[in-house]
Each structure stands twice: as C-alpha cells, then as structure tokens.
Amino acid sequence: MSPEASAAAASHHTLDRLVYMANQIAGFFESQGGGTAGEDTATHLRRYWEPRMRAAIIAHLEAGGAGLDDTARAAVARLEQRAKAG
Amino acid sequence: MTLIHETDFGTPPAGSAAMVRLTIDGASVSVPEATSILRAAMEAGVQIPKLCATDSLNAFGSCRVCLVEIEGRGGLPASCTTPVAPGIVVHTQTERLSAVRRGVMELYASDHPRDWFSDPKQGANELFQVAASVGLREVRYGSDGCTHGAAAKDESNPYFAFDPARCIVCSRYVRACEETQGTYALTIAGRGFDSRVSAGMEEGFLASECVSCGACVQACPTSALIEKSVIAQGMPEHSVVTTCAYCGVGCAFKAEMRGEQVVRMVPWKDGKANHGHSCIKGRFAWGYANHRDRILNPMVRAKITDPWREVSWAEAIAHTAAEFRRIQGKYGRGSVGGITSSRCTNEETFLVQKLVRAAFGNNNVDTCARVCHSPTGYGLKNTFGTSAGTQDFDSVDQADVMLVIGANPTDAHPVFASRMKRRLRAGAKLIVIDPRRIDLVRTPHVEAQYHLPIRPGTNVAVLDAIAHVIVTEGLVDEAFVRERCEGEAFRRWAEFVAEARNSPEAIGPVCGVDPGLIRAAARLYAAGPNSAIYYGLGVTEHSQGSTSVIALANLAMATGNIGREGVGVNPLRGQNNVQGSCDMGSFPHELSGYRHISDGATRALFEAAWKVPLDAEPGLRIPNMFDAAVDGSFMGLYIQGEDIVQSDPDTHHVTAGLAAMECVVVQDLFLNETAQFAHVFLPGSSFLEKDGTFTNAERRIQLVRRVMAPKNGYEDWEVTQMLAGALGYPMHYTHAREIMDEIARLTPTFAGVSFARLEELGSVQWPCNEQAPEGTPVMHMGGFVRGKGRFLITEYVPTDEKVGPRFPLLLTTGRILTQYNVGAQTRRTDNSLWHDEDLLEIHPQDAEDRGIREGDWVKLASRAGATSLRAKVTERVAPGVVYTTFHHPETQANVITTDYSDWATNCPEYKVTAVQVSPTNGPTEWQEHYSELGRATRRIAPASAAE
Ligand code: SF4
Ligand code: SF4
Ligand code: FES
C-alpha cells in the first residue's frame, strides 16, 4: 500500500494518536522559545516519524487539521510543502 | 578445560600510593602502605595458612591460623590484621609457628565431622586444605567435641543448605552478608564453642531477611553453606566465564560444569561490574534453560486458532520467507518489520536490524528499549551528545552524594545496590526521589538524608524546583558552565528555572512534597563535592520521560557534576543488553552507534558493506506498528526474544494489532504470551548455549560464552541468518565473532572491539577505538561528545492521565528482586517461592476507605481495562498511590496501563495510570477469557497429525 493509501486508511484511533503526539512535540519546542518551534517540530517529525505517519498527518491537515495546535499545524504545513517540493 | 581457581589474597588491597619495603622469608618485598602482612606474602607468592580471612572482606583476626613471627617483636601476631611496616623481617614458617597452627587446626578439626570423604565440597573444603598444609595428621580429641553435630540442618532455602555441624564459626559468611551484600541477615548466637550462625531471629533462611545473593555460600570456607546443586551433582570439574543474562548490571560468572551440565554459577572475582558478587537471579535462577516448557522444534500454523504443527527448520524458514515476500507483494515493502531483543547478544541484535534494513528493505525495526530507556537516548544525546551513562560502576566509590530517582536498585539492580550501600555506610549521603519508600530509603546502617515521595508524574516539576534553588541560591558551578557549556542556552535555562512558578514553594503542592525538603535536597546535591545521579524507569516511562532525562542532565551540568569520577548521570538499565541493543542500531531511525538513517555518508558506508541500497526514511516504532496493523498496512512481524503482549502497555491495543497481522513470527525459549498470536514459532537458545557479547549499563562489553550446545540446534543469530538466506539475502558468518568484526568496521565507537580484545582485557567500555584502545570508563572528560554541553528548557506539562471521580488513585508499576520482567525465566525457577503472584500495594487509609483488608482480592480498573489481584496493605506507598509488579501473565498489569507515551520517543507512560480499586471475589471476565485463549492457542498437534 502506498503511504497515501495507507494514510487514507488510518483509523480514527491512529489519527487521534498522531494529532496528540504532534501537539506534545510542538509543546516541547514551543517551550524552548526562540521562535523556531514550527521548524524544530517539523524536523522532529521528519527525523522520527515513518512516512505513512507523516502522510497521515498531512492528509489530516488538508482535511482541516482538527485538533492540531498552532505550532503543530505550522510544522505539518512545512512537511507538506517539503513533500510537494520533493 | 579446568576449574578456575581465583587467588585469594586474604585481605582487600590497600589502595595506597605510598610503598613500603619489608622482608618476608628472606625475600625483599614492596607493597602499598597499610597492606596486611598476609596479603603482602601472598602477592610475593608465599602462602600463609588462613581460615577467617578472605580478600573480599575486611580482616577479622579470629581463627589464629595465620600467625607469623616478626623479628624484634614479641608474640605471634595474626598476619591478616597486622599491617606491613618499613624494614620489618617476617618469618611465615618456623617450628614454633607450625606447632601452634597444628594445635589450632586440631581444635577446629575436633569440632568438625570426620566423614571427610563424604564432605560435599571434597578437596575444596578449605578446612581440610589448611589442615593438610599445617601437617595435621591426627586429631587427639574425641568427636564428642563436635558441639554442633546434633543441630538441625537448615534446608529451607531452595538453592542452598546450611549444616551447622560443618560450621567453624569463622564468621566469614556473617561478614559477607554485612560487608559484601549489606543485608545483615545473619547473626552469631551464643558464645565460644557454643556459638553458632543463624539466619535472622533463628527463623531459617527462607523466612529471614536473607535475599539469597549467595555471598555467604561463597565465603564459607567449609561445607556448612553449600549449593544444593553441588550436593546433588557433586563438585564441578571445569568452568567457563560468562555474563549474567538478567539485568543491566552485567555480572560476570563462572559457569561451573560437569560435562555439559551446569552445576552452579559462581560470580567471577575479576568481573569488573560485580567484583565477585551476585544476586539471586544470576547466581541461582538459571534452571529455566532446562525447563520442560522449552520448545525445541519449530512450529507453524495457518491461523492462530489452529493447533501448532511441528515442522523441520527448513520448512519453518522457507514458510516464513514465503509469507513475508507474499505480504510485501500485496501490501508494499513497508508492510513487514522486526523487533530485536535486549535479552539477546549484540551480535544477534545487530543481525536482526541488518535483516530488516537489508533483506526486508525498510527500516521497520525497533527494540524493547522503546518501552524503557528510549528517552535516555533522546535526552542524553541532545544535551551531552551521546546516548549512554556517563560513568563506570566503580565511580560510585568516589561519590559523596547520590541522587536516586525513579529507580529501586535493591530489587532491580541488586549487585550495584550493594555497592551503593557500602559507599553509603562509609559516609556518602543519599537523596531518594520516588513515590514509594523504596528499601534504600532505610535499610540496615543506611538511611536517606532526604526522601521526596513525589506524586507519580511530577518528576519534571520537582527537578525544575531543584534547579530553581541551585540557580537562585548561587549554587551554580559558574566556571564549569562557562568553560564547558553553550552560554546562551544556559542563560535561557537559568532564567526559566529562576521563575517563581518553578520555586519549591510553587511546585511543592504540585508534586506533594514539602518545599523545605526540596530546598534541602537541592542544596545537598549542589554541595557534593561529588554528586552522582542514578535513575531508572521511574524517570523515563512518562509522557515527559525525555524531558526528565534532560532535566537531570541540566542539573549535572549546572553543578559541574559531570566529566570526572564520582559524579555523572547514570541510567540503571533494566535488561542485560538494553545498552547494547540501542548501540546496535535497533531503533528505526538509527544505524549502529546512534547515526541517523538520513545521514548519507553513514548510509553509504553500510550500503557499500552490505551491497544493497538502504531506505533513508525512519521506520515504524513498536506502538506505531500496532497502529499500522490495525489500519491494514503492516502485516508481518519477526519478534526475537521479546514478549510484547505481556510487557507492552495497553494490552488490548497490542493484541488487536497482532491479531490483525497475517504472519507473526516469534523466536523464543517458551510459548510466551505473544506466541498466542503467532503463526510461526522458532525455538530460541539460552545464554548458556551461545557465544556473543552483552553491554551493561556502564557501556561495558563482556563476552557471553557457550557452555553447552544449543538444545534447539542453533544459536539465535544462526536462525536470523537462515531467514536472511531464504529471503534471497545470504549472510555467511560462521561465528558470532565475525559479526562483531563487522560491527567494529562500521561503528566508530566500537572500532577497537573484537572477541580477541575482549579475551585479552576481560571487558571493555565503549568508546573503544584508536583514541581509547582500552575503552572509556568515564565519558565527557575535558569536553562533551557534542562539544559544548547544551541546556534545554524543561517546562513541566502535567500528564493527561488524570485522577478523577471514576479513577481516583494513581497506579505505578515496578519489579521485585526475585522475579524478572515478564517472568518467563524466573517463574520457571524456585524464585517463585518468594513471589508467586503480583500484589497490589495500597495505603492503609485508601484500603480502609474501600473496605479492603490484607490479602483480599481486589479489582484494579483504569479506562484501558481491568484486572484482579490480591491486596497488600502498606505504608510504603503514599495515600492516593497504588503499586504493583508485572511479572505474572495471570495478572496482566498492562491491561490497565494506557497508550499515553513520551512526547519524543513514544516510550509508554507505564508509571502513571489513573485507577480505581474495589473489592471483588476473583479474576475478571477478561482474565478468564484470556486464560481460556491461552489454553486454546498453545495446543500442539500430536506428531502423527503433523502430515
Ligand atoms: S544469601 Fe546473601 S543475604 Fe542471604 S544470608 Fe547469605 S549473604 Fe546474607
Ligand atoms: S545483579 Fe543483575 S547481572 Fe548481577 S547477578 Fe543479579 S541479575 Fe545478574
Ligand atoms: S586468617 Fe588471620 S586470624 Fe584468621
């Protein structure tokens, strides 16, 4: 299954988890200050999340991104841009 | 091969730099000041007879066998208690000495059974050896002199027996219990010839405080204390040095053998992690290797509801390979993965991740360290630059203050706990931060200066408050920070912790600890001068696990307690090879030596060696594998030596994930809980049956040596190699050492490691390479691995796992001395005599509120599930907190734990679950259903039906 197809198949449970985790990560980088939280969160997701998890969260953002905090949202948007560019 | 006899120098080394020259039996000898004459002689090759002295214990001077003559001094001083002095002339053999020694030995012999031929230790009985060496030929006194002959034997302990008739009351074993183990379980009752050794208040070993470490058995010079296995099998005839396969202390043992049979495991004196000490698990609980439950033939089945069918190795391997290729054909390359085990050797672990990356063609490999110390990896890497403890164990001897947080060393790391206790008895100070009053808080002759009984889940808050005190009271080691750390990051961190909301007064109510205690603990830690942090899973297994590790690293940097002996940040690793499995590239985003998979240069190195392109994207972590399975994109899993159903959190989710997969392969000694969901079972080999290496908590790489042929036919790495071959990726190793050679070629921190080097040095701590050919006991000396140390801000974020009206109590989990993790091994030994079920510890007040009495069955429920177990009412836990262990599958404590996890690593939040406890009258419906499932899925079809 392609990452896109599996992203579409991601269950509610998995999506809830991914959103929750993205917000947790964003929270840590926000607390560091310095204005780079969005970028740092995106880097973390790129370095530690498997492509189908990233595809699922990008798809979720495209579908409105319910539940994502601002920083997490900005980070996923970065991932999306990079995915499109690459 | 022969039996290894270690030299006993009689008294411990003096450890002084100043040397003293003296003459012993005409030879000029030079030894460190304060050395005993007994030891000085032994070092010069002159053996003075001795009974009550042994070099693991301080000299006692009671037997009067080791007498010597010193020119110009009167009398016959005991050489074990007499230190050397410059210029003295010592004689160890004179007519007078011989006569006195013979007299003393005659008295001892008269009080000892004369059945010398039936003595279980035979020639190894030191009493006989010394009697022979002093020329004792006859005993003039009648055997009615044998005062202890009628006293009953104590055979209550399942592993060793005590025969008072053979006891000479040299008190070696009493002192071993005190000095080596630190338990003080033995006493000498009575006086003179009537004196005898007894366990505790004469209640027998089993019921006493004794923790069955075996130190007394080893110290006993006669056969008074002896392993029951020696009585049953006779004395061993050869020994092989190997490494314990239980915990992260990594004790070295001599496996003492008769042919291919282990007679006993005896801790090896030259083992650098344990220096001749052991705990009950490594010393005695190895019988599982021969347990009848072991599965020795491969088995397959189409559906998990079918009975197992025994097949040949060839069929099992071909079937597995075909299934994995079929799954990948249908669901994509990323639809299969593997899990490496911290119980297996470095070589085996390395090979499983190689199989996944090179033969499966993806990075879906993870390890059980995910669920224990992955936050250590993240936290220490981002602050210090590498993912490992900073010290060796010996460093604790230089510590003035120990901060123990979220660890319970006396149960989980017993041999190191004995080291800590010894140092604490010598005057070091102790701070314990733990929701439970662990044994170390108060144990004979040791008492913590401060115990901070925090509410589970508030580690970061309390560590921030400690940092607040250090920064605002001017306790920062400015010079260290200026020279060794990033200035700007420090400034930001210091500003953050100094905020009033991080003060003890603000945090105290959050974590349930008196602010005054937090301040006092902070001052003590900062005062040192050498303060060392030891932590365990009570730090990592939280939604802020990585943040807590970072907070500990920050504290060490701020006070300059890093980069020399006696200090540091030390994760106490749970399993024997957690450090190793992490080092070996078991994480989905990292190749061996912690190098990110996206790093092109590293990948190129591996691609050239492995002759296959590697995926640059990180793979799935264990919890994400279950998610992907439920979602239908992950269908095949190869699990080596790990029982994820019992050990991973949120059992319902784990089992749902496994049940959704099309091919689950379990390689293990036993049909464990996970095997209930497996389609292929590949029998594993025990640590006694393989060659390889383990890496302990202090980064020490030690050899595991094969003492018998694998009962299942193959060492575990050979099975992985066969699977790789069947998948069209042949590997050609003929011995584990060749795998280590490859690891060394591909991993800069291991560049100097080889089996030959390990044989030569005994063990080595990585980094071991050209710069450090003999390894690195203490890290970050003179500079951090990442250059400058980096402070990170550690904002406390309360866990979302909150108590409320439905679930008003907090559950935290841990282990107990005699059992080990999922208990697959220890439950199959006599260790279960001490702990045959998991109990729920509950505070008397909470128990009373619920009408619960000691021993009652209680239902323990969380939002994830419910289970039943029996209650233990105790003040060890604070009101509002309950505690249990997770060693028994019948309890399945992880049915209760939730899917919350560490933000950075997904390490599960085992240590905090909101629960309710209520009286009940037996197992829950789930437990009954599960045990029924266990019976059904463990069926093995009779051989005749196998066609
Ligand atoms: S086995 Fe260990 S704890 Fe038990 S009495 Fe002997 S030395 Fe003490
Ligand atoms: S302390 Fe750990 S390594 Fe040592 S014997 Fe016990 S279980 Fe084995
Ligand atoms: S060995 Fe010296 S008095 Fe016993």
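Just so it is clear: chains get the letters A, B, ... in the order the sequence lines come, proteins before strands, and each one is counted from 1. These numbers were taken from a predicted model, which means no experiment stands behind them.
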In terms of heavy-atom proximity below 4.5 Å to chain A, should [X] be classed as side chain, backbone, both, or neither?
X	result
B/Ser543	both
B/Phe791	neither
B/Asn364	side chain
B/Ala628	side chain

Need one label for A/Phe28: side chain, backbone, both or neither, based on atoms under 4.5 Å from any heavy atom in chain B. side chain
By a 4.5 Å heavy-atom criterion (distance strictly below it), what part of A/Arg54 contacts chain B: side chain, backbone, both, or neither? side chain
In terms of heavy-atom pairs under 4.5 Å, which option from A/Gln32, A/Glu30, A/Met21 contacts chain B the most? A/Gln32
With a 4.0 Å cut-off, would you call B/Arg501 and B/Glu795 a salt bridge? yes
Tell me whether A/Glu50 is salt-bridged to B/Arg621, with the criterion being a basic N under 4.0 Å from an acidic carboxylate O. no
Over 60° means perpendicular and under 30° means parallel, so tell me whether B/Tyr900 and A/Tyr20 are parallel, tilted or perpendicular. tilted
Would you please classify the geometry between the B/Trp903 ring and the A/His44 ring as parallel, tilted or perpendicular, with 30° and 60° separating the classes? tilted
Whether the A/Gln81 and A/Arg78 side chains hold a donor-acceptor pair (N or O, under 3.5 Å, no angle test) is what I'd like checked. no
Consider only side-chain N and O atoms of B/Thr383 and B/Asn554, and report whether a donor and an acceptor are under 3.5 Å apart. no
